[in-house]
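What follows is a set of notes on a single structure, which appears directly below.
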Amino acid sequence: MEDERGFPELRQVVLDCVDARALAEFYRQLLGFRYRPGDEAPPDGEADPQGKDWLVLRNSAGTNRIAFQPVPELPKATWPAGPVPQQLHLDLTVPTPQDLDVQHERVLALGARLLLDRFDDPEEPLRVYADLAGHPFCIFVANPPLP
């Protein structure tokens with residue numbers, strides 16, 4: 001094992017977005033994460049000053065995983081074709097093709113758009129989506145079972 005002293009530690013992935021609360025909620029529901037204390041959404045109908053600022057989601061161990069930084073405007077990626085590249089994307093995995101189908105329905109219900117469907121690829125079943133801000137992300141079967 002390499003000695004990791006002297007190297008920076010990855011804290012979290014940060015996504016720029018026009019609506020930090022909406023994108024944070026999308027990924028909170030998709031990944032089962034929770035807000036960093038103080039970043040939680042207010043009750044319905046109440047002002048959301050924190051949603052206009054930096055929001056952070058953590059995993060069940062309390063480790064920061066993904067953050068959302070508001071920007072005044074953001075060109076949506078036009079990947080796989082067009083002038084605006086994806087710039088960054090997240091890779092998410094599931095164990096089986098059946099799980100990929102279950103997650104497909106969840107992702108669409110959360111408001112994502114399907115960009116590429118390679119579900120029938122025998123080596124790596126995969127689907128690529130755009131989140132609410134247009135950031136592409138993949139969900140694929142890691143090490144699919146052999147037919």
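No hydrogens, no waters, no symmetry mates; every other heavy atom, side chains included, goes into these values. Index from 1, following the sequence. This is a predicted model, so every value here is computed, not measured.
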Answer whether the closest heavy-atom distance between the side chains of [X] and [Y] falls below 4.5 Å.
{"X": "L57", "Y": "L31", "result": "no"}
{"X": "D101", "Y": "R127", "result": "yes"}
{"X": "P37", "Y": "R58", "result": "yes"}
{"X": "L30", "Y": "D131", "result": "no"}

Minimum-distance pair of heavy atoms, taken over all atoms of [X] and [Y]:
{"X": "G111", "Y": "L132", "value": "O-CD2, 3.5 Å"}
{"X": "A20", "Y": "P70", "value": "CB-CG, 4.0 Å"}
{"X": "R21", "Y": "G51", "value": "NH2-N, 3.7 Å"}
{"X": "R28", "Y": "Y35", "value": "CD-CE1, 3.5 Å"}

In Å, rounded to the nearest 0.5 Å, how long is the span from [atom1] of [X] to [atom2] of [Y]?
{"X": "I66", "Y": "N59", "atom1": "CD1", "atom2": "CG", "answer": "12.0 Å"}
{"X": "Q103", "Y": "L108", "atom1": "CD", "atom2": "CG", "answer": "11.0 Å"}
{"X": "K52", "Y": "D19", "atom1": "NZ", "atom2": "CG", "answer": "7.0 Å"}
{"X": "T78", "Y": "K76", "atom1": "OG1", "atom2": "NZ", "answer": "12.0 Å"}

Only pairs under 3.5 Å count here: list side-chain donor-acceptor contacts from residues 38-45, not counting sequence neighbours, and write none if there are none.
unit_1: D39; atom_1: OD1; unit_2: R36; atom_2: NH2; d: 3.4
unit_1: D39; atom_1: OD1; unit_2: Q50; atom_2: NE2; d: 3.1
unit_1: D39; atom_1: OD2; unit_2: R36; atom_2: NE; d: 3.0
unit_1: D39; atom_1: OD2; unit_2: R36; atom_2: NH2; d: 3.0
unit_1: D39; atom_1: OD2; unit_2: V56; atom_2: N; d: 2.8
unit_1: E40; atom_1: OE1; unit_2: G38; atom_2: N; d: 2.9

Donor-acceptor contacts, no H, no angles, side chain residues 10-18, under 3.5 Å, sequence neighbours left out:
unit_1: Q12; atom_1: OE1; unit_2: N64; atom_2: ND2; d: 3.2
unit_1: D16; atom_1: OD1; unit_2: Q69; atom_2: NE2; d: 2.8

| note | Going by chain and number, the hydrophobic cluster around L116 (ILVMFWY, side chain to side chain under 4.5 Å) further includes W79, L115, L126, V128, F140

| said: In terms of relative ring orientation, are F68 and Y27 parallel, tilted or perpendicular, with 30° and 60° separating the classes? | reply: parallel

Indicate, with yes or no, if [Y] and [X] share a hydrophobic cluster defined by side-chain heavy-atom contacts under 4.5 Å among Ile, Leu, Val, Met, Phe, Trp and Tyr.
{"X": "L100", "Y": "L92", "value": "yes"}
{"X": "V84", "Y": "L88", "value": "no"}
{"X": "L110", "Y": "L55", "value": "yes"}

| query | Is the F26 to Y129 ring centre distance short of 6.0 Å? | reply |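 Ring centroids of F26 and Y129 are no less than 6.0 Å from each other.
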
| Salt bridge or not for R106 and D99, using N-O below 4.0 Å? |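 Here R106 does not pair with D99 in a salt bridge, since their nearest N and O are not under 4.0 Å apart.
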
| Full working for side-chain contact (heavy atoms from CB on, under 4.5 Å) between V94 and H104 | CA-CA 11 Å; V94 294; H104 177 69; over 6 Å; no

